[in-house]
Amino acid sequence: MDNYYKSALDKIKLNESEKNKAKALFFKERGTKKETGKHTGGLLKTAAVAAAALALILTANAVYAHFGGSKEPMSGAGENYDQFTITAYAKELTKTEQVYADKFESGTGGMSGNSEEISFSFWFPFECRGKNIDTITYTIQNGAFQVTAPAGRSPVIDGEEVADPIDASVSFRTISESLEAFDTRQYRSFSVSYEEQSNEETSIEVVDSSAHWEPEKVRQYQAFGFTVGDQKKTELEKEVCDFLTKDLGITCTATFGDGTVQTKKIAVSNKIVMMSKLHDLPDQDEDWGVVVRCFSLQ
């Protein structure tokens with residue numbers, strides 16, 4: 001019987017130190033009852049239940065700490081938490097890795113303006129993976145999500161549209177030579193079903209413009225003295241891009257089939273990458289650095 005419960009505890013997904021605590025609790029109780037010479041059948045069951053309960057609590061706490069989950073009590077959290085991941089360009093987002101497009105033409109974004117004003121956009125290439133997920137909701141604090149899709153075929157099932165649309169003329173993705181049949185909407189938040197998070201006909205981007213900023217933020221941008229398109233100032237371009245993306249405040253919330261939710265924060269950063277890593281260059285061409293958008297978890 002002792003081996004049966006030991007085997008059960010071995011199967012619980014804990015690190016070794018926490019697992020040993022649960023085992024010790026059970027066998028300490030088991031040993032005490034043996035020494036008294038009393039009948040231990042019911043007491044053995046009680047000890048096993050206590051050990052299993054401790055193990056489950058430790059498991060829930062470990063999962064909670066690892067994923068930075070909500071402080072709200074949640075049913076089914078243990079099952080759902082260890083399955084919820086966010087990917088960009090088919091790579092899982094973590095807190096330690098900067099994920100960016102491995103091809104220059106599929107993730108660089110665009111900027112338009114001058115040293116006084118600026119607009120920008122970039123791909124929003126995210127997808128969620130997990131068990132028991134019903135819907136996914138993305139929110140943004142500054143800027144907006146721009147979703148362009150054929151009329152009536154957008155994957156968005158619900159959303160909060162922006163009251164004052166942002167001029168997104170810098171949007172860099174061309175879906176069709178004729179956009180008359182496409183519907184473009186901008187959102188502070190939008191929801192998609194797990195089964196259809198996007199499709200080949202839909203473009204989802206993040207857009208923003210200094211025309212919607214507070215005066216102080218505009219002054220901070222103007223202090224860079226940045227000229228859009230000056231390829232000789234890549235370091236300055238990265239600094240400006242860091243300024244543009246630092247306060248976007250993007251979150252991803254998964255709603256599971258049992259009604260529980262979990263939210264993760266998405267960090268947007270920028271990195272200088274040599275063009276030869278993103279695009280095949282003829283041998284005679286000189287290599288140069290370009291600024292790419294990077295994603296990770298906060």
Side-chain angles (χ1 to χ4, degrees), residues 86 88-89 91 93-126 138-146 162 164 166-173 186 188 203-252 264-279 281 285-298:
I86 306 173
Y89 306 114
K91 301 174 184 177
L93 298 192
T94 68
K95 292 186 177 182
T96 57
E97 298 289 336
Q98 288 182 309
V99 173
Y100 58 91
D102 57 6
K103 293 183 179 180
F104 178 70
E105 63 269 19
S106 65
T108 56
M111 292 188 291
S112 176
N114 51 47
S115 60
E116 297 296 315
E117 59 184 8
I118 192 169
S119 297
F120 70 93
S121 71
F122 61 83
W123 270 117
F124 191 72
F126 300 114
Y138 295 98
T139 63
I140 190 169
Q141 293 181 356
N142 296 292
F145 298 115
Q146 178 168 284
V162 300
D164 184 14
I166 295 171
D167 180 4
S169 58
V170 299
S171 179
F172 67 93
R173 183 181 184 188
Q186 293 182 353
R188 295 294 182 204
S203 168
I204 304 177
E205 301 165 70
V206 170
V207 298
D208 199 7
S209 170
S210 58
H212 293 256
W213 296 350
E214 295 293 329
E216 177 56 28
K217 186 174 181 179
V218 174
R219 286 193 290 270
Q220 291 175 7
Y221 165 73
Q222 293 172 345
F224 284 104
F226 176 67
T227 301
V228 175
D230 189 347
Q231 297 182 349
K232 296 180 180 180
K233 296 183 178 180
T234 308
E235 292 287 346
L236 178 59
E237 180 183 345
K238 179 186 178 300
E239 290 182 25
V240 170
C241 289
D242 288 342
F243 174 78
L244 297 176
T245 59
K246 68 177 182 177
D247 296 324
L248 293 173
I250 298 175
T251 60
C252 174
K264 295 183 180 184
K265 296 180 180 179
I266 298 174
V268 183
S269 57
N270 304 275
K271 183 177 183 178
I272 297 176
V273 178
M274 298 308 292
M275 177 60 80
S276 58
K277 288 188 174 183
L278 307 172
H279 192 77
L281 298 178
D285 280 11
E286 182 179 351
D287 205 359
W288 71 95
V290 293
V291 180
V292 298
R293 221 67 60 230
C294 302
F295 308 104
S296 60
L297 296 181
Q298 286 187 338

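Being a predicted model, the structure only gives us computed values, none of them experimental. Any value given below was found using the heavy atoms of this structure, including those in side chains, with hydrogens, waters and symmetry copies removed. Numbers for residues simply follow the sequence, beginning at 1.
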How about [atom1] on [X], more than 12 heavy atoms from neighbouring residues, nucleotides or ligands closer than 6.0 Å, or not?
| X | atom1 | value |
| --- | --- | --- |
| K91 | NZ | yes |
| E97 | CD | no |
| K277 | NZ | no |

Which heavy-atom pair separates [X] from [Y] by the least distance, and what is that distance?
| X | Y | result |
| --- | --- | --- |
| C241 | V291 | SG-CG1, 4.1 Å |
| L93 | A88 | CD2-CB, 3.9 Å |
| A144 | V162 | CB-CG1, 3.8 Å |
| E116 | Y221 | C-CE2, 4.1 Å |

Are any non-hydrogen side-chain atoms of [X] and [Y] less than 4.5 angstrom apart?
| X | Y | result |
| --- | --- | --- |
| I140 | V206 | yes |
| T94 | L297 | no |
| I250 | K265 | no |

Ignoring hydrogens and geometry, is there a side-chain-to-backbone donor-acceptor pair from [X] to [Y] under 3.5 Å?
| X | Y | result |
| --- | --- | --- |
| Q146 | I204 | no |
| N270 | R293 | no |
| S210 | I118 | yes |

Practice problem: Apply side chain to side chain contact (heavy atoms under 4.5 Å, CB included) to V207 and F145, showing your working. | Solution: CA-CA 6 Å; V207 298; F145 298 115; over 6 Å; no
Quiz item: Mind checking what makes side chain to side chain donor-acceptor pair (under 3.5 Å) contact with S209, not counting sequence neighbours?
Solution: S119
Quiz item: Residues in side chain to side chain donor-acceptor pair (under 3.5 Å) with Q220, at least two apart?
Solution: E216
Quiz item: Should Q298 and K95 be marked as a side chain to side chain contact (heavy atoms under 4.5 Å, CB included) after you check the CA-CA gap, both sets of side-chain angles, and the distance that decides it?
Solution: CA-CA 6 Å; Q298 286 187 338; K95 292 186 177 182; over 6 Å; no
With rounding to the nearest 0.5 Å, note down the distance linking [atom1] in [X] to [atom2] in [Y].
| X | Y | atom1 | atom2 | result |
| --- | --- | --- | --- | --- |
| T251 | I86 | OG1 | CD1 | 9.0 Å |
| S121 | L244 | OG | CG | 11.0 Å |
| T227 | E237 | OG1 | CD | 11.5 Å |
| I266 | C252 | CD1 | SG | 5.5 Å |

Quiz item: Would F226 and M111 satisfy side chain to side chain contact (heavy atoms under 4.5 Å, CB included), going step by step from the backbone distance to the final call?
Solution: CA-CA 11 Å; F226 176 67; M111 292 188 291; 4.0 Å; yes
Quiz prompt | Pair S203-E205, side-chain donor/acceptor within less than 3.5 Å | solution = yes
Quiz item: Any side-chain donor paired with an acceptor under 3.5 Å for W213 and D208?
Solution: yes
Quiz item: Q222 and S115: side-chain hydrogen bond (donor to acceptor under 3.5 Å, both in side chains), yes or no, with the steps?
Solution: CA-CA 6 Å; Q222 293 172 345; S115 60; over 6 Å; no
Self-check item: side chain to side chain contact (heavy atoms under 4.5 Å, CB included) evaluation trace for D247 with Q141
Solution: CA-CA 8 Å; D247 296 324; Q141 293 181 356; over 6 Å; no
Quiz item: Can you list the residues that meet the salt bridge (Lys or Arg N to Asp or Glu O under 4.0 Å) rule with D242, with sequence neighbours excluded?
Solution: K238
Quiz item: Relative to each other, are the rings of F295 and F122 parallel, tilted or perpendicular (30° and 60° limits)?
Solution: tilted
Quiz item: Between Y100 and Y89, is the ring centre distance below 6.0 Å?
Solution: no
